[in-house]
Structure formats: structure tokens, C-alpha cells
Amino acid sequence: MSKKVALVLGSGGARGYAHIGVIEELEARGYEIGCVAGCSMGAVVGGIYAAGKLREYREWTESLDYLDVLRLLDVSFRLGAIRGEKVFGKIHDLIGEIDIEDLAIPYTAVATDLTNQQEIWFQEGCLHKAMRASAAIPSLFTPVTQGNRMLVDGGLLNPLPIVPVVASHCDLIIAVNLNSQNQNQYQLPVIERPAVFKNRVDQLMGSLSSRLPFLKREVDEEEEGELLVEANPWLEPPAPRRKTAAEAAPKSASSSHVLSTVGPASLLELVNQSFEVMQSSLTQYKIAGYPPDILINIPKRVCRFFEFHKAPELIMLGRQIASDTLDRYEREHP
């Protein structure tokens with residue numbers, strides 16, 4: 001007899017694609033998903049699954065290369081870098097007009113109400129609007145205004161919303177944490193891209209990196225400072241620094257450019273890295289307060305929050321980690 005699962009899908013930007021692999025592994029093993037609660041990308045994937053359109057969504061995301069993702073960026077100059085109308089317009093095309101109460105399974109999307117400083121649970125009403133509000137990552141997507149409320153990513157208060165499913169009549173609670181710190185054995189799978197595509201991406205990145213502040217490229221220290229000011233004109237230009245003798249010496253071709261890993265490359269990335277640090281801490285409190293029966297940990301370091309062109313790799317990784325975690329659980333609970 002299959003076990004009925006209450007599934008909790010956490011927030012974590014592009015790492016949320018791993019949720020697709022987790023769901024596929026659960027279904028392949030015969031687990032029945034009886035309800036789902038999600039936050040941010042977890043709310044998006046969970047809502048699409050509950051609407052019965054996960055296969056179509058996976059096919060679409062796996063078809064996106066870097067250029068396709070860039071074309072989906074409808075740049076905004078108000079309260080967020082991206083309006084999100086193109087991305088969520090595509091999602092709307094997939095699921096259509098459907099209310100949460102009409103879904104095949106109970107569903108909860110968690111958002112944050114900045115106006116009243118409280119957590120909001122969407123358990124009825126328009127599914128598309130609920131997902132859009134829950135996934136309004138601060139500084140990346142523009143907030144959603146609903147009456148007198150301004151709604152943003154639920155991860156601000158509850159990045160792993162276990163509480164909404166605690167009262168469900170399910171055999172197991174399975175939570176997927178996208179902000180795990182200690183999963184060193186897992187690396188992002190390598191999926192080769194066509195060489196001709198890679199060359200086009202490199203050319204495009206060269207022209208866009210100084211315009212879109214969340215795109216980081218290989219630069220030396222001095223050039224990085226100039227790019228930051230160009231991309232963010234409200235920043236003060238960096239003061240010139242006297243180079244040491246070693247720095248002044250001629251560099252070999254192989255060492256002339258390095259990828260800066262000391263810190264974020266822009267104000268936007270700084271905000272989102274700060275947001276993720278906060279989410280990691282909050283997640284630990286949520287797990288301690290309401291421990292799930294099974295916790296599937298996706299390493300935070302496998303990709304940055306905005307790398308939405310890596311769907312195939314992240315889906316594969318999610319399935320691999322889910323498989324290993326379920327193997328351990330099933331050995332301990334035969």
C-alpha cells in the first residue's frame with residue numbers, strides 16, 4: 001500500500017527546479033502526494049504540479065537556454081529588477097484560469113505582507129496570483145499589490161512552510177530544503193551545451209554584463225569597480241589604489257582575468273545573498289519547531305539564485321538527492 005505524503009517545497013530561487021526532480025522520484029517510488037505547501041519557487045512548482053501541468057512545465061524550462069532566459073527578463077525600474085510579466089504570463093498559459101479550491105489536492109502558497117508585516121497563506125482564490133505573490137523575490141521581482149497589502153516572497157518569514165501541512169491526514173511529511181549548507185558530496189551534474197551556443201552566450205554576456213547588475217563576468221579588480229559604478233550609477237566610484245610590485249608586474253594570458261569570489265558583484269546580488277543568509281537561518285528554526293519525517297536537503301552552493309537556465313542540471317540533482325534520501329529512510333523504516 002502506497003504512503004500518502006504531505007509535501008513541503010522551500011524557497012531558493014533557481015534551485016527550486018530541484019523540486020521537479022524530487023516530485024518525479026516520489027511518484028516513481030509509488031508515494032501518493034496528498035497535499036502540498038510551498039514558498040517562492042516551491043509555491044510555483046507545487047502549484048503547477050497540483051494543477052496537473054508539471055510535465056509541460058518541465059519541458060518548457062528544459063528548453064530554455066541562457067538567451068531564452070534573458071529574453072524573459074522584462075526589466076523594471078520600480079521596486080525590483082524584473083516585472084515578471086513574461087515569465088508568469090507563460091505559466092498562466094500553462095495552467096489557465098484555475099482557483100486553488102478547484103485543484104486535485106489541497107495547496108498552500110505562502111507570501112509575506114510587508115504592509116502588515118505578517119505571513120499570508122493562499123488556500124483559495126486564483127492560483128496564478130497566489131504563485132506570483134509568493135515568488136516576488138525582493139529586489140529581483142516587483143512586489144504584488146493586493147488591496148492595501150504589498151506582497152513579496154514568503155521566504156522573508158517562512159522559507160520552508162511546514163505548518164500548513166501539519167494537520168493534514170497524511171502518513172508522512174516530506175520537506176525539501178533548498179538552503180542546505182552541508183551537502184559536500186553533491187555537485188551539479190554536467191550537461192554539455194552546443195559549442196555554437198556557448199560562443200553566442202559569451203558574446204552576449206560581454207555586452208550585457210555592464211547593463212544588468214545581476215550578471216557577473218570575469219573581470220580584474222579595477223575593471224570590476226568600473227562595471228559596478230556603470231551598472232549602478234548611484235554608487236560612488238572606487239578610489240584609485242596604488243598597486244603592489246607583484247600586481248604591477250606583467251600578467252600571463254592565463255591569469256589576466258579572474259572570477260571574483262570575494263563577494264557579490266552588484267547591489268542586487270548583495271541584497272539577494274543577504275536574503276539567502278536570512279532564509280538559511282530561518283529554515284533551521286522551522287525544521288527544529290516542526291521536524292518533518294523526511295528532510296531532503298539541496299545544497300545552496302550548487303548554483304546562484306538567478307541561474308534559471310540550469311533547469312536540466314537542477315532537476316537531475318533534485319532527483320538524485322531525493323533517491324539517496326529515500327533509500328536511507330526506507331532502509332531504516334522497512
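Treat the numbers as computed from the prediction; the structure is a model and nothing was measured.
Residue L9 comes nearest to P161 through the heavy atom pair O-CD, 4.2 Å, listed as atom of the first residue, atom of the second, then distance. Smallest separation of non-hydrogen atoms from P159 and Q279: CG-O, 3.5 Å. Of all heavy-atom pairs between L127 and G47, the closest is CD2-O, 3.7 Å. Taking all atoms of both residues into account, the shortest heavy-atom contact from G155 to M278 is O-CE, 4.1 Å. For the residue pair R15 and V302, the shortest heavy atom distance occurs at CD-CG2, 4.1 Å. For S40 against S11, the heavy-atom pair with the smallest separation is CB-CB, 3.3 Å.
When hydrophobic clusters are built by joining Ile, Leu, Val, Met, Phe, Trp and Tyr residues whose side-chain heavy atoms come closer than 4.5 Å, directly or via intermediates, L326 is grouped together with V5. Under the 4.5 Å side-chain contact rule for hydrophobic residues, V166 and V36 do not share a cluster. Hydrophobic clustering of Ile, Leu, Val, Met, Phe, Trp and Tyr side chains at less than 4.5 Å, counting indirect connections, unites L54 with V176. By the rule that hydrophobic residues join a cluster once side-chain heavy atoms approach within less than 4.5 Å of another member, L94 and V87 end up as members of one cluster. Taking hydrophobic clusters as Ile, Leu, Val, Met, Phe, Trp and Tyr residues chained together by side-chain heavy-atom distances below 4.5 Å, V110 does not share a cluster with L103.
The aromatic rings of W60 and Y57 are tilted relative to each other, their planes meeting at an angle between 30° and 60°.
Between E313 and K310, none of the side-chain N atoms (NZ, or NE/NH1/NH2) sits under 4.0 Å from a carboxylate O, so this pair counts as no salt bridge. E24 has a carboxylate O that lies under 4.0 Å from a charged side-chain N of R58, or vice versa, which qualifies the two as a salt bridge.
A distance of 12.5 Å separates SG in C170 from NZ in K3, rounded to the nearest 0.5 Å. Interatomic distance, L151 CG to Q146 CD, rounded to the nearest 0.5 Å: 5.5 Å. T112 contributes atom OG1, which lies 13.0 Å from atom CE of M150 (distance to the nearest 0.5 angstrom). From E25, atom CD reaches atom CZ of R319 across 4.5 Å, with rounding to the nearest 0.5 Å. Distance check: Y290 OH to I173 CD1 gives 10.5 Å after rounding to the nearest 0.5 Å. In this structure, CE on M41 lies 13.0 Å from CZ on F305, to the nearest 0.5 angstrom.
Inter-residue side-chain proximity for V8 and I174 is flagged as unmet; no heavy-atom pair is nearer than 4.5 Å. Put simply, the side chain of L178 reaches to within 4.5 Å of the side chain of H19, judged on heavy atoms. I120 has its side chain within reach of R149: a pair of non-hydrogen atoms, C-beta onward, lies under 4.5 Å apart. A 4.5 Å side-chain heavy-atom check between L157 and L282 finds every atom pair outside the cut-off. The shortest distance between side-chain heavy atoms of Q118 and D113 falls below 4.5 Å. Between C303 and L314, some side-chain heavy-atom pair lies under the 4.5 Å cut-off. Within the 4.5 Å cutoff, no side-chain heavy atoms of F122 are placed close to those of K129. Looking only at side-chain heavy atoms (C-beta outward), C39 and L160 stay at 4.5 Å or farther from each other.
Judged purely by distance below 3.5 Å, without hydrogens or angles, the side chains of Y329 and D293 never pair a donor atom with an acceptor atom. Y107 and E124 share no side-chain donor-acceptor pair at under 3.5 Å.
Take E59 and apply the salt bridge (Lys or Arg N to Asp or Glu O under 4.0 Å) test, not counting sequence neighbours, and it matches R55. Partners of E119 under the side chain to side chain donor-acceptor pair (under 3.5 Å) rule, at least two apart in sequence or in another chain, are W121, N158.
Side-chain N or O atoms of S323 include none that pairs as donor or acceptor with a backbone N or O of Q320 at under 3.5 Å. Between the D153 side chain and the A135 main chain, no donor and acceptor come within less than 3.5 Å of each other. Judged by distance alone, the side chain of E307 and the main-chain N or O of R304 form a donor-acceptor pair under 3.5 Å. At distances below 3.5 Å, at least one donor-acceptor pair connects side-chain atoms of H128 with backbone N or O atoms of F88. A distance-only check finds no donor-acceptor pair linking the side chain of S134 to the backbone of A109 [under 3.5 Å].
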side-chain contact (heavy atoms from CB on, under 4.5 Å) between Y49 and I105: does it pass, once the steps are laid out? CA-CA 10 Å; Y49 170 76; I105 59 174; 3.9 Å; yes
Evaluation steps, side-chain contact (heavy atoms from CB on, under 4.5 Å), between C35 and V165: CA-CA 7 Å; C35 66; V165 305; 4.0 Å; yes
Kindly indicate, with the supporting measurements, whether the criterion side-chain hydrogen bond (donor to acceptor under 3.5 Å, both in side chains) is fulfilled by K300 and S280. CA-CA 9 Å; K300 184 169 68 172; S280 296; 3.0 Å; yes
Kindly indicate, with the supporting measurements, whether the criterion side-chain contact (heavy atoms from CB on, under 4.5 Å) is fulfilled by L156 and L114. CA-CA 10 Å; L156 201 62; L114 288 181; 3.7 Å; yes
Could you walk me through whether R29 and D327 pass the salt bridge (charged side-chain N to carboxylate O under 4.0 Å, His left out) test, one step at a time? CA-CA 10 Å; R29 289 173 181 249; D327 281 346; 2.7 Å; yes
Start with the C-alpha gap between L317 and Y186, add the side-chain angles, then the distance that decides, and say whether side-chain contact (heavy atoms from CB on, under 4.5 Å) holds. CA-CA 8 Å; L317 179 68; Y186 291 110; 4.1 Å; yes
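Of the options N177, T325, N179, a side chain to side chain donor-acceptor pair (under 3.5 Å) to N297 is made by N177 and by none of the others.
Counting heavy atoms of neighbouring residues, nucleotides and ligands inside a 6.0 Å radius, atom CD of Q185 exceeds 12 of them.
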